[in-house]
Chemist: 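My structure is below; once you've seen it, I'll send some questions.
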Amino acid sequence: MLNRATIDSVSAKNPESLTVLDREYPTDSWMNIPPSILAKTVCRLHLQPGHPLNLLKARIEDHFEKFSKDIGSKGFRVKDSLNPIVTVEQNFDDLFISKDHPGRRPTDTYYVNEGHVLRTHTSAHQREALRTRDAPGYLVTADVYRKDEIDTSHYPVFHQMEGIYTFDRANLETEAALPASLSTPANVEVTGAKVCSETNPGQDVHTLRETELVGAHLRTSLECMVRNIFDDPNLRIRWNDDYFPFTAPSWEMEVWYQDRWMELCGCGVMKQEILDKTGNESRIGWAFGFGLERIAMVLYGIPDIRLFWSMDERFHSQFKNASKSSVVKFQPYSKYPSCYKDISFWCPESYHENEFSEVVREVAGDRVETVALIDKFTHPKTKRTSRCYRIQYRAMDRTLTNEEVDSIQESVRQMVSDKCGVELRG
Ligand code: PHE
């Protein structure tokens, strides 16, 4: 149960340093990581044997191991224990993410100090992996952190896998050639340009032929992977043009699953500068990145992203002894009843929804399932904006009592008014 002491401890201001996985970082006024998020940095769910994210990771790594044999490659080096705190250069600058990109804002990203963040994507490790130059490929799996809205498929910590593959540029025709047996079947649709176009241009430093070869190798690699993961040789796949500042051209891959297109993965031909700056001037390559939870949820039938963090044996026992080659279907245990509470307030100019979500999570933890904006209006005279949110409370492992929900809601109200500069209504 929450009481004033708990609220004070979660709102405790900036300790002078913090230690994450045995490394100490000084903090400054940029520090905006709440204790509940900090606590997640030690979990590394992708490394826990028998956890569904670990099962999926192993399944994908196995696939790539086999795939690299099929294509006569020296294979992919696995990196899965990199520290979640990275520099602003690693996470943004090195990837040409512009200084004014919204993703850099403290309302979107967790800062330890002005120069360090909790990585928001595994691409933050591209250069580090490439610098080792010990394999043509890398698979980097890691927990990543983003402030976000609250619903059954969003959580401020999730897991990504980054794939990187490079070729000797002088030998590209040979190295990028793939066995005919792997070629793209008919159920792959391409909505954008096949190679590049004016709106999805290649890089001046690459010839069209190079872009074509690297792009084709990338697409086939990903197509083989998802057909294998979903265990469906006829899986429908669609390629759309996309944009990332660190790849050109860039694409997104979608798969048709359970009657809808599901966005799975961003990818593209790596910016040559990234290779050049890491001692790989003579190489050319591709990269992709995708979220593991999204795939695990559909593959194993996991209905709520909070379940990955659950301690409930009824969840873990279903995966514990699963072999990575078979796909377990999760049998949901009964859903406990949920309870809705509304909160409305006048917002200051600086109001940001992610910060409100964060406060709700900090107080309610995983007992909050969704937060939905149900009403918003601007006062015609004062021009002040009022928002009303409906918070859905539900625990995954028990029925919440009325008193408990009332008390959480009261704490949410206090914390929101203290921390978000809003004026509560009603
Ligand atoms: N890092 C990107 C994201 O999180 C995905 C990506 C990885 C795109 C590698 C292109 C290449 O959205």
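Heavy-atom basis, side chains included; hydrogens, waters and symmetry copies ignored. Every value quoted in this text rests on a predicted model; they were computed, and no experiment measured them. In listed order, ligands and their atoms are each counted from 1.
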Chemist: Under 3.5 Å, is there a donor-acceptor pair linking the side chains of Y155 and D366?
Modeler: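 Yes, a side-chain donor-acceptor pair sits under 3.5 Å.
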
Chemist: Flag Q160 as yes when one of its N or O atoms lies below 3.5 Å from any N or O atom of ligand 1, and as no otherwise.
Modeler: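 Q160 vs ligand 1: N/O contact under 3.5 Å present.
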
Chemist: Is the closest N or O pair between Q126 and ligand 1 shorter than 3.5 Å?
Modeler: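 N/O-N/O distance below 3.5 Å does not exist for this pair.
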
Chemist: Mark up the atoms of ligand 1 that fall under 4.0 Å of a heavy atom belonging to G289, in ascending order.
Modeler: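 Selected atoms, number and element: 6 (C), 7 (C), 9 (C).
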
Chemist: Using a 4.0 Å heavy-atom threshold (strictly under), name the region of R146 that reaches ligand 1: side chain, backbone, both or neither.
Modeler: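 Within the 4.0 Å criterion, R146 contacts ligand 1 through side-chain atoms alone.
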
Chemist: Using the side-chain hydrogen bond (donor to acceptor under 3.5 Å, both in side chains) rule, collect all pairs that involve residues 242-251, keeping only residues at least two apart or in two chains.
Modeler: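 Residue pairs with at least one partner in residues 242-251: T247-S250.
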
Chemist: Please enumerate all residues that pass side chain to side chain contact (heavy atoms under 4.5 Å, CB included) together with A322, with sequence neighbours excluded.
Modeler: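 With sequence neighbours excluded, A322 shows a side chain to side chain contact (heavy atoms under 4.5 Å, CB included) to L55, V328, given in chain and number order.
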
Chemist: Which pair of non-hydrogen atoms, one from P26 and one from N113, has the smallest distance, and what is that distance?
Modeler: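 The pair with the smallest heavy-atom distance is O-ND2, 2.6 Å.
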
Chemist: Looking at ligand 1, does W286 have a heavy atom less than 4.0 Å from it?
Modeler: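 The answer is no: ligand 1 sits nowhere under 4.0 Å from a heavy atom of W286.
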
Chemist: With heavy atoms only and a cut-off of under 4.0 Å, state how F288 meets ligand 1: side chain, backbone, both or neither.
Modeler: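 It is the backbone that gets close, since no side chain atom is under 4.0 Å.
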
Chemist: In the protein, what heavy atom is nearest to atom 12 (O) of ligand 1, and what distance, to one decimal place, separates them?
Modeler: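 Atom 12 (O) of ligand 1 sits closest to the protein heavy atom F244 CE2, 3.9 Å.
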
Chemist: T247 to ligand 1: N or O pair under 3.5 Å?
Modeler: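 There is no such contact.
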
Chemist: Compute both the distance and the angle, then confirm whether R238 meets the cation-pi test with W256: under 6.0 Å from the six-membered ring centre, within 45 degrees of the axis.
Modeler: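 Here R238 fails the 6.0 Å and 45° test against W256.
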
